[in-house]
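Read through the structure below, which is laid out as structure tokens, and then see the notes.
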Amino acid sequence: MPELPEVETLRQLLARRVAGARIEAVPLIAAKILRAPDPAALAAAVTGAVITGVGRRGKYLLLRLEKPERGGPDAAAPEGQGAWDLVIHLKMRGRLRIESESDPPGPYLCAELRLTDGRTLRYYDMWRWGEWALVSAGTACRSLPGLAAMGPEPLEPGFTSDYLARQLARRRGLLKPLLLGQQVVAGLGNIYCDECLHRARLHPARLAHRLRPDEVARLHEAIVSILGAAVAQGSALAERLAAQQANLDSFAGIYASQVNDRPGQSCPTCGQALQKMHLSGRGTTLCPHCQPVADFPESPETPKNRPR
DNA sequence: AAGAAGTCCTGGGCGC
DNA sequence: TGCGCCCAGGACTTCT
């Protein structure tokens with residue numbers, strides 16, 4: 001499933017391939033993915049608009065759409081009136097593909113942005129968990145709750161080891177659910193979270209506020225280096241795909257997972273068998289040897305998170 | 001107020 | 001073979 005590096009790769013690919021294109025129509029096949037506004041208002045706002053940029057915040061993709069001035073009094077319009085951000089979250093199964101309008105669509109098509117050049121940006125989502133929302137340009141972080149409370153981007157200067165230490169020190173929760181919550185740091189999902197915790201040699205059920213400074217530093221290093229490497233790989237991939245006029249067909253392979261979803265296989269560090277457990281309802285893979293439980297004078301093995 | 005738990009979404013895959 | 005249940009993870013809601 002797409003997490004920050006995958007969404008960033010997709011962003012770069014779309015920026016190269018569809019920036020500057022004009023939208024002709026917005027057929028909405030599965031209206032349930034649209035959070036706001038209603039389909040008619042979406043069509044009215046978007047039809048005729050030009051995709052002037054592709055942004056990202058956490059796992060959200062933001063397509064900047066602007067309607068060219070119609071040569072006149074619109075210049076006095078309030079700021080943002082002619083510009084929108086189409087905010088897209090792919091969730092688990094969302095896919096964006098650039099196809100020719102004459103191509104028969106594949107299964108699970110939910111929506112399209114038909115372009116005036118004969119191409120179409122098709123959104124496929126087998127589970128229809130993904131979400132679209134159209135907001136006035138620049139207001140997404142204010143108007144969408146998920147974006148409003150989001151922490152800093154992990155690869156931007158604001159995400160420092162000191163910042164992470166301060167955030168963890170004032171939270172009582174378990175480490176992994178905290179990292180997945182998006183409020184401490186943006187963009188981590190289940191897979192990268194498992195990878196980062198493994199690299200940092202931290203048990204996912206450690207209490208966040210009990211991490212020692214050296215452990216926080218390891219966690220910070222793991223997040224920055226793992227996401228950084230994945231984004232770098234994704235950038236190269238996006239460049240290659242754009243040159244071939246190709247789509248990003250699978251999110252797999254942008255980062256080779258060492259741990260996640262490999263229970264029973266050998267830990268790449270120590271060779272012991274990786275274990276699967278459930279933590280706050282999420283599947284979690286860890287190495288019991290490299291990621292020992294240090295916080296718990298009492299056993300952490302409650303029924304909910306017992307390895308299975 | 002914060003953290004934990006529950007809920008929703010959907011269809012593939014597995015067990016019986 | 002076919003039915004029915006379970007599972008996946010992100011974000012939101014509800015409960016403690």
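Below, chains carry the letters A, B, ... as their sequence lines are ordered, and counting in each starts from 1.
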> For A:Arg218, which residues count as a salt bridge (charged side-chain N to carboxylate O under 4.0 Å, His left out) partner, sequence neighbours excluded?
Replying inline: A:Asp214

> When the C1' atoms of the five terminal pairs at each end define the local axes, what inter-axis angle does the helix from B:dA2-C:dT16 to B:dC16-C:dG2 show, to 10 degrees?
Replying inline: 50°

>> From CG of A:Asp125 over to C1' of C:dG10, roughly how many Å is that when rounded to an integer?
In response: 12 Å

>> Please check if the number of heavy atoms outside A:His289 that lie under 6.0 Å from its NE2 is greater than 12.
In response: no

> Taking all atoms of both residues into account, what is the closest heavy-atom pair of A:Ala222 and A:Cys196, and its distance?
Replying inline: CB-O, 3.4 Å

> Members other than A:Val135 in its cluster, when Ile, Leu, Val, Met, Phe, Trp, Tyr link by side-chain heavy atoms under 4.5 Å?
Replying inline: A:Tyr60, A:Leu62, A:Val87, A:Leu144, A:Leu147, A:Met150

Please write out each protein N/O paired with an N/O of nucleotides 2-4 of chain B under 3.5 Å, distance rounded to 0.1 Å.
unit_1, atom_1, unit_2, atom_2, d
B:dG3, OP1, A:Arg172, N, 2.5

>> The criterion is salt bridge (charged side-chain N to carboxylate O under 4.0 Å, His left out); which residues satisfy it with A:Glu99, sequence neighbours excluded?
In response: A:Arg97, A:Arg122

> A:Leu34 CG to B:dC9 P: how many Å, rounded?
Replying inline: 17 Å

> Does a side-chain N or O from A:Tyr108 land closer than 4.0 Å to OP1 or OP2 of B:dG12, or not?
Replying inline: yes

>> Checking contacts here: which listed nucleotide (C:dG10, B:dG12, C:dA8) is nearest the side-chain heavy atoms of A:Glu3?
In response: C:dG10

> Which parts of nucleotides 11-16 of chain C does protein reach within less than 4.0 Å, heavy atoms only, written one letter per nucleotide 5' to 3' as B for base, S for sugar-phosphate only and - for none?
Replying inline: BS----

>> If I take atom CG in residue A:Leu4 and atom P in nucleotide C:dG10, what distance separates them, rounded to the nearest angstrom?
In response: 12 Å

> Do any pairs count as a salt bridge (Lys or Arg N to Asp or Glu O under 4.0 Å) and have a residue in residues 42-58 of chain A, sequence neighbours left out, and if so which ones?
Replying inline: A:Glu8-A:Arg56, A:Arg56-A:Glu153, A:Arg57-A:Glu153

>> If I take atom CG in residue A:Leu109 and atom P in nucleotide B:dT10, what distance separates them, rounded to the nearest angstrom?
In response: 16 Å

> Hey, does the side chain of A:His278 come within less than 4.0 Å of C:dA8's phosphate (OP1/OP2), counting only N and O?
Replying inline: yes

> Atom CZ of A:Arg128 and atom P of B:dC9: how far apart are they, to the nearest Å?
Replying inline: 11 Å

>> Using the salt bridge (charged side-chain N to carboxylate O under 4.0 Å, His left out) criterion, which residues pair with A:Asp117? Sequence neighbours excluded.
In response: A:Arg119

> Expressed in angstrom and rounded to an integer, what is the separation of A:Trp127 atom CH2 from B:dC8 atom C1'?
Replying inline: 13 Å

> Can you list every pair that meets salt bridge (Lys or Arg N to Asp or Glu O under 4.0 Å) and has a residue in residues 225-241 of chain A, with sequence neighbours left out?
Replying inline: none

> Starting at CG of A:Asp194 and ending at P of C:dG9, how long is that distance when rounded to a whole Å?
Replying inline: 9 Å

>> Among A:Leu175, A:Leu180, A:Thr284, A:Asn190, which residue satisfies the side chain to side chain contact (heavy atoms under 4.5 Å, CB included) criterion with A:Leu279?
In response: A:Thr284

Donor-acceptor pairs under 3.5 angstrom involving side-chain atoms of residues 127-134 of chain A: please list them, not counting sequence neighbours.
unit_1, atom_1, unit_2, atom_2, d
A:Glu131, OE2, A:Arg35, NH2, 3.2
A:Glu131, OE2, A:Lys91, NZ, 3.3

> Considering residues at least two apart in sequence or located in another chain, which fulfil the salt bridge (charged side-chain N to carboxylate O under 4.0 Å, His left out) criterion with A:Glu3?
Replying inline: none

>> By the 4.0 Å heavy-atom rule, please label A:Gly281 as base, sugar-phosphate, or nothing.
In response: nothing

> So, do A:Trp129 and B:dC9 meet the stacking rule of ring centres under 5.5 Å and planes under 30°?
Replying inline: yes

> Quick one: A:Leu61 CG to C:dG10 P, roughly how many Å, whole number?
Replying inline: 17 Å

> Applying ring pair (Phe, Tyr, Trp, His ring centres under 6.0 Å), which residue pairs with at least one partner in residues 16-39 of chain A are found, sequence neighbours left out?
Replying inline: none

